[in-house]
Structures are given as structure tokens and as C-alpha cells.
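Data block below; observations after.
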Amino acid sequence: MSARLLAENLFEQAIIYPNTDYRDRLNALIGLDNHKNRMAKILSLLINPEGIELWMNKYHPNAKRISDIVLRRPPLVILEGDVGAGKSELATCIGDAVARQEGIDITLLPLSLSTRGQGHVGEMTKLISTAFDYTVEKAGKLKNSSGKSKGGLILLVDEADALTQSRESNQMHHEDKAGVNAFIRGIDRIANGKLPVAVIMCTNRLNSLDPAIKRRAADILKFGRPNKEQRLFVLREPLTELGFTDDDIKDIVEITGETTEREYGFTFSDLIQRLLPSLVLDAYPNEAVNHKKAKEIVERIIPTPPFQDNTVVLK
Ligand SMILES: Nc1ncnc2c1ncn2[C@@H]1O[C@H](COP(=O)(O)OP(=O)(O)O)[C@@H](O)[C@H]1O
Ligand SMILES: [Mg+2]
């Protein structure tokens, strides 16, 4: 297979922003405003350095050293933490905010490692190298040495757990270490070429992340479970629509949190993709949702257990 064909099979469907669907999905994310703002700024800086240069000229025209330091930030942002917390969703939608802010088109190239590169020797390394070759080639065409980028790319490496083991770990197969090395080489190629590309990596296991990868992250953003207020925010509107009173809703918010038997509450996706549909499916097709019964239904739902990071990192 030619490198191009291989690359085209490698990525899931590319997304081009601005795109109103993704704008709406970004707006629908709850409790992530700080992460959204931070990511939009960092990605803008990486993809379109002209913006920060204009800002520097306006506010700090003599600040050459600091400007160099800021512009040389590594092109990687890591999203880490609990499952069902919005990592993939934020990574998939944030490009829209960046495209609007900078007034340029941005393309997302989504690579998921979970279902690929397992098995054949050399496969993971080849996959990573090919993904970066393709990204670097595409980005080279967008680069504009004088002034504004013609566009930008985001390479999304989702479910990167396959890559996140420390190279120092003895259990790690030689081949996996080669995969980590290929990833690091790719990041460095983008940084050294000053290409209009940002790489977003999502992982459930920050602890076992290779130190050399962590060191290259411009930012590491942590994701967690919703607190009481956030659960209320998620549930209030849909449950009110179904005829629940404020007190009914408070009860549901309470039982979806930590309990004495269970030291963790529901994840965002447990609430949105399991709890709410369960209430509807229980009543459908012959009756209305019954808020008295709802509590029982919710009590039967077992929230997703937190991701156990048992990987031993040898120092
Ligand atoms: N912070 C959030 N606000 C609103 N919905 C969320 C949030 N986090 C997750 N969801 C819902 O859960 C689904 C799964 O989230 P996802 O981003 O895939 O989680 P993960 O962190 O495991 O990548 C999303 O598509 C969205 O519907
Ligand atoms: Mg995910």
C-alpha cells in the first residue's frame, strides 16, 4: 500500500471547522469552561502564531525573548482523567472555537489507537510514523512563513493508552517503546518545522505516561466526575421537561453522587447516555415517565467504575 493510501485508511473521517454542529456540541459540554478557554488559546497559538505576534507588538513591542519562548511551546496538549468525562468530545469540538477565533479553516485528523496497531510486530510504530508523515506533509502546504497561516491542523490521538506506558517499564515490550519513540519524533518534527499543527492526546492513565511525552506537553488538562452542582445542571432541564419537581430532581442528584457504599458518583456520560434514556425506555411506549418510579430505576444503575491505573512504573 502506498504511504498516502495507508494514511487515508489510518484516520477516521476528517472534520473541517468552522462547523455549526461542532459549535453546538462544544456549547453543550458542562463544567469545562476553563478547559475550553485554555485549549482554545493554546491551540490558537500553536496553529496561528500570527495572533500572538500581533498581541506582542501591541502590548509588549520590545519583548523578543518572551515572544520566542511562548512561540516555541511544544505542540502537544494532553487531556487526561476519568472515563466519560468529555475528553474525546472536547477534543473533537474545540477546533471550531479556534477556527472562529483565528478566522482560518482548521482540519481535525482523528486517529484512534485502541482498535489498531495491536498485534503485528512493528505495526504501532508504523502507524504512528505514517500518521505524522501525513500530518507534516499536509501542514507544510498550509505554512506561510510571512504572516497568517493559510489553515491549521489538529492531530487527535485518542485512546492513547496503548502509547502511554513508560519506556522505563520493564514489562513494556520492545515494540511499544518504539511506538513511544515514534510519537516523540513526530512531536519534535512538528515543533522544529514550526508547522501550523497541534497534537491532542487523550488518555485515562497519566501516571504511566512516558516522562518524555509529558515533558513535551504545553498543557495537561485533568477531567473528572461531575460534582453535585454539575449533576444538577445536566439533569435539571431534561427532568423538568418530563414533569419532575425541583425536589424530585434534588433526590436524583443526591443518589447519583457518592454514597456510603460507593465512593464514586455517576460520570457525565452515565447521566446523559444511560440514566436519562433509561427513564424514557422504562415508560415507552405505553405510559408517561413516572417520577416516583424514577428513583428506583436510578438506584439500579451501576455507575462506571473509575479507571484503575494499575500500571507499575519502574524508576
Ligand atoms: N462535561 C460534559 N458535559 C456534557 N456532556 C458530557 C460531558 N462529558 C461527557 N459528556 C457526554 O458523554 C459522552 C462521552 O464522553 P467522552 O468525551 O467520550 O468521554 P471520555 O472522557 O471518556 O473521552 C459525550 O459524547 C457527551 O454526550
Ligand atoms: Mg474518550
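In what follows, residues are counted from 1 in the order of the sequence shown. Only this structure's heavy atoms are used, side chains among them; waters, hydrogens and symmetry mates stay out. As the structure lists them, so they are numbered: ligands from 1, and atoms in each ligand from 1.
The closest protein non-hydrogen atom to atom 17 (O) of ligand 1 is Glu89 N, 2.9 Å. Of the protein's non-hydrogen atoms, the one nearest atom 18 (O) of ligand 1 is Ser88 CB, 3.7 Å. Counting only heavy atoms of the protein, atom 13 (C) of ligand 1 lies nearest to Gln273 NE2, 3.6 Å. Closest to atom 22 (O) of ligand 1, if we only count protein heavy atoms, is Gly84 N, 2.7 Å. Of all protein heavy atoms, the one closest to atom 10 (N) of ligand 1 is Phe268 CB, 3.8 Å.
Those atoms of ligand 1 that come under 4.0 Å of a heavy atom in Leu32, given as number and element, are 1 (N). Shown in contact with Val83 at under 4.0 Å from a heavy atom are these atoms of ligand 1, numbered in order with element: 22 (O). Residue Ala85 approaches ligand 1 through these ligand atoms, each under 4.0 Å from one of its heavy atoms: 1 (N), 8 (N), 9 (C), 19 (O), 20 (P), 21 (O). Less than 4.0 angstrom separates some heavy atom of Ile30 from each of these atoms of ligand 1: 1 (N), 2 (C), 3 (N), 4 (C). Residue-ligand proximity, Ser269 to ligand 1, at heavy-atom distances under 4.0 Å covers atoms 12 (O), 13 (C), 14 (C).
Within the 4.5 Å cutoff, no side-chain heavy atoms of Thr135 are placed close to those of Lys138. Residues Asp188 and Arg216 form a side-chain contact, since some pair of their non-hydrogen atoms from C-beta on lies under 4.5 Å apart. Here the side chains of Asp82 and Tyr264 are not in contact, with every heavy-atom distance at 4.5 Å or above. Between Phe223 and Leu90, some side-chain heavy-atom pair lies under the 4.5 Å cut-off. When side chains are defined from C-beta on, Glu299 counts as touching Ile255, because their heavy atoms get closer than 4.5 Å. Side-chain contact check for Arg274 versus Ser269: every heavy-atom pair is 4.5 Å or farther apart. Residues Lys150 and Ile104 have side chains not in contact (no heavy-atom distance under 4.5 Å, counting atoms from C-beta outward).
Of the residues Gln101, Glu53, Glu102, the one that meets the side chain to side chain donor-acceptor pair (under 3.5 Å) test with Asn48 is Glu102.
For ligand 1, the polar-atom distance check finds no N/O of Ile272 at less than 3.5 Å from any of the ligand's N/O atoms. Close N/O approach between Gly86 and ligand 1 is found [any backbone or side-chain N/O within under 3.5 Å].
Residue contacts with ligand 1 include Asp82, since one or more of its heavy atoms lies under 4.0 Å from the ligand. Close to ligand 1: Ala28, with a non-hydrogen atom less than 4.0 angstrom away. Contact analysis leaves Gly31 out of contact with ligand 1, as no non-hydrogen atom separation drops below 4.0 angstrom.
In this structure, Tyr17 and Tyr22 have perpendicular ring planes: the angle between them is above 60°, well past the 30° mark.
Atom 26 (C) of ligand 1 lies below 4.0 Å from none of the non-hydrogen atoms of the protein.
Lys228 and Glu254 are joined by a salt bridge, as a carboxylate oxygen and a charged side-chain nitrogen come within less than 4.0 angstrom of each other.
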